[in-house]
Each structure stands twice: as C-alpha cells, then as structure tokens.
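Take a look at the structure set out below.
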Protein chains: 2
Amino acid sequence: MIEQLQAIVGAANVLTGADRARWAKEWTGYFPSDPIAVVRPGSIAEVAAIVLLANDTGTPVVPVSGNTGLAGGAQANGAIALSLDRMNRIRDVRADARIAIVEAGVVLSDLHKAVEDRGLIFPLTFGARGSAMIGGVLSTNAGGSNVLRYGNTRDLVLGVEAVLPNGEVANLMSELHKDNSGYNLKHLLIGAEGTLGIITGAVLKLMPKPRAYATAMVAVPGLDQALELLNRLQEATGGAVEAFEYMPRNYVEAHLRLSPDNRPPFDAMHDINIMVEVGATAPRDSEPGPDGRVPVVAHLEQTLADMFEKGLLLDAVVAQNEAQRQAMWQRREAAAEIVLGAGRPVSNNDIAVPLDKVAEFLDRMGTRLAALDPGAEPILVAHLGDGNVHYAVWLSREDAPLKDAVTEAVEDEVLRLGGSFSAEHGIGQWKLSSMARRKDKVALAAMRAIKRALDPNGIMNPGKVLPPAN
Amino acid sequence: MIEQLQAIVGAANVLTGADRARWAKEWTGYFPSDPIAVVRPGSIAEVAAIVLLANDTGTPVVPVSGNTGLAGGAQANGAIALSLDRMNRIRDVRADARIAIVEAGVVLSDLHKAVEDRGLIFPLTFGARGSAMIGGVLSTNAGGSNVLRYGNTRDLVLGVEAVLPNGEVANLMSELHKDNSGYNLKHLLIGAEGTLGIITGAVLKLMPKPRAYATAMVAVPGLDQALELLNRLQEATGGAVEAFEYMPRNYVEAHLRLSPDNRPPFDAMHDINIMVEVGATAPRDSEPGPDGRVPVVAHLEQTLADMFEKGLLLDAVVAQNEAQRQAMWQRREAAAEIVLGAGRPVSNNDIAVPLDKVAEFLDRMGTRLAALDPGAEPILVAHLGDGNVHYAVWLSREDAPLKDAVTEAVEDEVLRLGGSFSAEHGIGQWKLSSMARRKDKVALAAMRAIKRALDPNGIMNPGKVLPPAN
C-alpha cells in the first residue's frame, strides 16, 4: 500500500511514523489521529488515483485540510489521511465577475488577503481562519460571525469539483448564479464532511468590501433589548448588520483571565454584552460628511443614544479606530481558547433556536443544569443574530454519562423550541449519537441510501456523520 | 387502482375521462397530459398513501401543481397525476421571524398577497405567478426577475417536507438559518422536478418589502453601456438593484402587436431596451426629502442624467407612479405570450453565460443562425443582471432536425463561454438530450445512482430530468 501510494505522489509526500505528527494531534485533543500514512497529493489526478487505489483495496480514506474541526470529522485511525495542504493555489480572482477559483488547500485567511486589495471580501470568517482550509470549510458548511448578512458557506459557493468514492472526478465548477441542470450535487457534497467524496476545488462568490464599519460593544439589561437593538439597526440600514454576538459576563471575565493585558469592554462589568458591527457599502453611508463624521458610525451612535435615553441600554462603546475594532473582535474570537483552554471538563453544544427563543432556552437550561450537576457553569457565546448558541458547560467533573445527560437535556430543550441540535460545527463523530436519537428517521434512512449508492465499499471517511444502522 | 385511489382521497377527488381536462392541456401545447387519473389529495397522509400504493404496484406518479412549467416536467401519460392544488393552506406567517409556512398547493401570487400587508415580501416573482404553485416553484428551483437581488428559489427556502418514493414522509421543516445535521436533502429535493419525491410543504424566507422603488426604461447604444449602468447602480446603492432586464427592439415591437393599446417605451424605437428597478428599504433612501423627492428615485434619475451627458445612454424614462411602473413590468412579463403566441415555429433556449459574455454570445449566435436558417429571427428577452438569456428563435419552418441543430449551436456557444445549457426553466423532458450530451458524465452517473437508491422501482416522475443510460 505504502509503495503504491509513493508511486502516485512520490515518496516525499507519503508520511509515516513520526513524520505524521503534524496531522496526529488536533487541537481539541479529543480526536488524535493515527493514520496508516499521511498522503499529500499535488493535483486532482493524484487525489483521484489515491481514491481509486483505496476503493480497489477497501482502504478507508479521510480527507484532511486545516484540521481545525471541532467534531472529529478528520480523525483517520487506520485510514489513509489524504491531506490537501499542497493543493493551495488560488487559481483565479475575477474581480468583475466577483468570483475566486481556488483549490481545497487554500487557507481561509490567505483567500481573505488575496481579494482584499481588489476591494472585495470572501465574507465567511471565524476564529480558526488562519489554519482552516477551503476544503474543510466547504465540507463542514462552516458558519461563523457574518452568516447573519452573507449566509453560510453553501450560500457562497457557485461551483465545486470533487473526487467521488469511485475515483472519478465530478466537474461542477459553474461560475453562474443560475444553473438548473439536474440534481444539485454541489449542495450534497457541501456539508457531507468528506463522506461522499473529496472536494478538491471551488468557485466562490466574492462581495464588495464594506467601505466603512461601525462596531460597538453594548451592554443591555436583557436579551429582549438586544433583539430590539438588532431589529432597529436592520430596519434603519436595510439589513446591513454584519455581526451580532452575545458574550455573558463570565465569558468576558474568562477572557480577561486568559490575557490579562486586555481591557474590559466597559468601566463596570455587565451580564449581557453584545458586539455589533454594521457594514456600509454605499458611498452615502460610508463617506465622511461635511462634519467629518462617517454616516454609518454616526447612525449607530444615534441609535444607541436613543435607546440609552429610553433605558433600553446600560452602556455602549463605539470603536473609534481599527485597533479598537480589532480588540472587540479578538475578544469574540478567543471563544475556543476560553472554553477549552481553562482545563476544566467541558460539555460542548453547538445548537440553534429561533432567535426570539434564546432567552427561554438559557433559562430552562439553567434549571436543568442545576439538577444534573450543581457545580456546572455554562460558558457560552452566541451568534445571537442567527439564534446560534455555542452552549458550552464547564462541568464539576470529567464524567461521560454526565456529559451525555447534559447533551440530552440541551437537545430536549432545543427541539422543544423548534431548534437544531447541530448548527454550524457539524456532526463528525462528536454528534453521532445525537443524529441517531434526534434526526428525522426517514431523512436518516435516505442519507444512508445515498451513502451506499455513491460509496458502496464504504471507504470515504467511514464512521462519520451517519450513525451505524441498528 | 381507481377504486384504491378513491378509498384514499374519496371518489370526488379521483378524476378520470373528461374530468381530467383541466390538467390535460398545458399551455405550451408541447406536452399534453393523458394520466390514468388525476388524484387530488387533501393532506400529507393522503399523498403518502397514494405514493405507497403506486410503489407497491409499480405505477408511475407525476406530481402536478400549477402546471405552468415550460419543460414538460408535469406530463403524466399513463401515470397517476397527483395534483397538489387542494393542499393550498398558508399554515403560518410569522412576521417577526420573517418566515411563511406553506403547503405545496399555495399559488405564488396568493403568498405574495398574504404577506404584503405585513410589510414583507416573498421576493420570487415571474410572469406565471398567478397560477404557479409553491410545489412546482421549489421542484424546478424557479428563478425569475428578482434573482439578481434575492437569489433563486433554493436561496429562499429554510425547510421542506416531502413524501419520498417509498411513501414515507421526510420532515425537514427547519425554521433556522444554521442547521448542519447530515446531508442536505432539502437542496437535493429542490430542483429535482419531483423525481426524488413529492414536496408537500415548505418553510420560506420572507424579506422586508422595499419602502420605495425606482423603475426605469433605458435605451443604450450597446450591452457594454448597459453593464456600466448596472455596475454604477449596484455600487451606489450597495447592491439594491432588484431587476435588470434586456428587451431588444423586435421584442418591444412584438409586444405592441400583441396588445396595441400599450404605449411604446420611448418616442423613438431603440435596439437595446433595459428595464431597471432599484428597491429601497432604509428610510434614508425611501422617505421623501425636504424637496418632496424620494431619494432612491432622485438617485436613479441623477445616474441616468450623468450617463446621458456622457453619451452612454440614448434615452430614459423613469416611472412617475405605480401605474407607469406596472406598465413596464407588464411588457417584460408578456414574454411567454410574445414568444409562443405568435404562432410561429419556435426554438426555445433558456441559458446563462457570465454576464460580460452576453454580447459575444448573441453575436456568435447571429452568425450561426444565419447559416442554419436564413429566415430565422431571434426573439429573446434576458435577465441581463444574471447573464440569463431566454434565447428563443422564430424559425422559418417547423422542422425537428433544424430545432435540434439550433439547440446544439446554442449549447456549443454557451459552453464555450463558460455558461450553462439550463438556467432556470429546468430539464423536464425538453432538455433530456442536452443533459445526455452536455452534462458532466461523472455527475450524471452520480445522479442516476441517487435516483436508483431513493426510487428503486422508478415510480417518481419517470422519464424526466435524467436521460436514459445507454
């Protein structure tokens, strides 16, 4: 097997033993990887040849790109770990057509940089953008902080190319916004976490870079007031709110413990802290007026002042320059380090509920948590504008049945409120039991039928996404 | 069979013989339908029972809703025509959450009316909206004139429920913007034209209704100037252009012949006529200023005046009231009647190319058409902002090989320019040969595998979308 792999990609690109170290440890620590070998193809043809070999020999293949997933989707025990990191070319950026054509190994932040000086953005962003690669971003349908305005990954993809489990290359690299030609395989591959094929390239939508941002930290007395702020801003700006993030007091405090040279958001500590950002693309909103003020910033300040006067806000700080804005973002993006870096046992739950139900969800979970583990402490952060709560809980002890009980309680409450047990982090292995317990049974059976049809030998990232049928 | 169907839905809802007339003729005239019976279920349970019976007996089932498709997807010869017209309830409109929960038989324009007085829109719109139903809209991933701003149907759907070919009901009625829980069956069912299951209901996104529109007819010397107008308006408004439609001179003339009491768009006739509409949602763009003028309208007028001064426009008329705006839309939406109502042999081609390639496409087709049929006359209309051209051709004679040759020429040129041979009307039966000739072979094989996996007995709308394997 190793020799055959070497014949395909060259000996230097088949890593075994200690050479696999970079891929073996992944940073959550829950899913260390022990592959037969890490294979680093340099072209689609090489990916296809590896998959063909795997299919012929019944060897599992696990695609890996940035390895920043939180759900164990890239763990490759006993499998070929197929790393896409060498396929990192940005093939083309066409500013007029507002598209980028990229390979799967392009790092998300490299793409951000490559389009920025063209006055464009690829709007998807999240904390791991400096390591996450496009292949994983698409395979997990990643979300992040700008979904409110720009949608999830799948909303930003025009075309894909992928190596299917039989080793054949499907070319679906459309550059068009209208293309109805049979079943939408693009959307089937996006979010399939590499279980139906390996995405090797994509055509991505670019957006005009906002010419100005207005960013603020806001303290409110309750989540109702937060939603009023969101609705007022959306209505006044025609839907230009880019981010609307909720951080409770203990999150802010944990952030200060983690990096003590950071400053707190306000002079006093508050229970409900919101980071809001509005983007302005039209010149009439982004160009400084006769008084030298940028309209979108002035407008945010006015909205906050109006609400403060009515007692709907407790405090607010508007970023006065890019450094202040970045400090606000840095606090929000430290979430994974804050939650996992404290060295405490964690129950991690990535869920979504209708956004007017977030408060009810948190209330009810408070009660249920107290019954399950009186020493537990929720350490959450939320994309409040999407109703997406990263409901992590620091538990009083490392205890698998307790963790499962917390997850069950979370899912009970989420589904009661019309929510989803999996919002943006994906299923991987982490949520297999949730899929088995909570996913619509008919849908699950259909997914299994599709998996069998496209991957009859079960070689593509086996044991992920779909729980075993009983 | 008839008795068993009557047992499920009641005798009054199983139509045979002449009672099928309303479903037998469809208005293109190309695909008259001769079903065993038209069955009109009143609930999901009845749909499921019908499909189960069909699957057990190997009887084809063809879902029909508004029957306004242009591709023969609803022709039901020798099949059960399952009409969703009785399932026409709008189950809920939740203005705060900006969603509508509807059954498949809801007529598109009824949904428009139901949400309008809540200050919301379901933005998808096209000429047949008074007959087209949501089930068909989703099954064909319909497009239309507002895709430029709001996306295709699939971009406006949060959840679906569907009866799969085995008669089981898949409940995917998510109301959430983030929901990553396994393969995306929603996007697989949308655009599958009823070949993988019958969509019975959906959760749809609603958008804030623009508070003001600025609408104009513009005559330009060339398509380059049209694109410059589009780009200027998009940049100035932050992407608020709702429609950007191209009608050539012979289209305008044909419209005047069709309904002689209409007025021409300009005093003189021009070769390139553009209908543009900008929507304003933010108060600062939509509320009349101190001078009584609506900013978005004033802004459009200023842009047009600037371009006119530079010789980039030949003429422009801005709608001064809703009646003038509706007259502009009526001209555009008469397309199907103009093309098909002239009684001339037609080659109809719904294609898309990158929008800066439309002029090249039209030039090259002019040359090729002259060689194929010197008496041919293109009678096109285009969603220019999407690069989507409805490239119809009036031929000099009814001649199947000539039609096929024209289609082949169109597809040659489209694919050479990186376009799609099927933009928004779907495949149905009309484009089966195009699918066989032009679709990526690996993708086509994967589609066939999915079809076999979900519909092993081949009962769901057989003979549509997927060409027979050779």
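Below, chain A is the first sequence line, B the second, and so on; all start at residue 1.
For chain A, the nearby part of B:L466 is the side chain; its heavy atoms alone come within less than 4.5 Å. Contacts of B:T140 with chain A are made by backbone atoms alone, with heavy-atom separations under 4.5 Å and no side-chain atom involved. With a threshold of 4.5 angstrom between heavy atoms, A:D440 approaches chain B through side-chain atoms but not through N, CA, C or O. Contacts between B:H383 and chain A at a heavy-atom distance below 4.5 Å involve the side chain alone, from C-beta outward. For chain B, the nearby parts of A:A446 are the backbone and the side chain; heavy atoms of each come within less than 4.5 Å. Residue contact with chain A, scored on non-hydrogen atoms closer than 4.5 Å, is absent for B:R452. Of the atoms belonging to B:P208, not a single heavy atom falls under 4.5 Å from chain A.
At a threshold of 4.5 Å between non-hydrogen side-chain atoms, the residues B:L185 and A:I450 count as touching.
Sparse packing is recorded around CG of A:D96, with 12 or fewer heavy atoms of other residues, nucleotides or ligands lying under 6.0 Å away.
Options B:N231, B:I190, B:D285 differ in how many heavy-atom pairs under 4.5 Å they form with chain A, and the most are formed by B:D285. Counting heavy-atom pairs under 4.5 Å between each of A:K439, A:H425, A:E193 and chain B puts A:K439 at the top.
Atom CG in A:N184 sits 7.5 Å away from atom CG in B:N141 (nearest 0.5 Å). Note that the CG atom of B:D179 and the CG atom of A:D386 stand 12.5 Å from one another [nearest 0.5 Å].
One N or O on the side chain of B:N152 and one on the backbone of A:H177 form a donor-acceptor pair closer than 3.5 Å.
Under 4.0 Å is where a charged nitrogen must lie from a carboxylate oxygen, and between B:D350 and A:K178 no such pair does.
Scanning all heavy atoms of the two residues, the minimum distance from B:E235 to A:P283 falls at O-CD, 3.5 Å.
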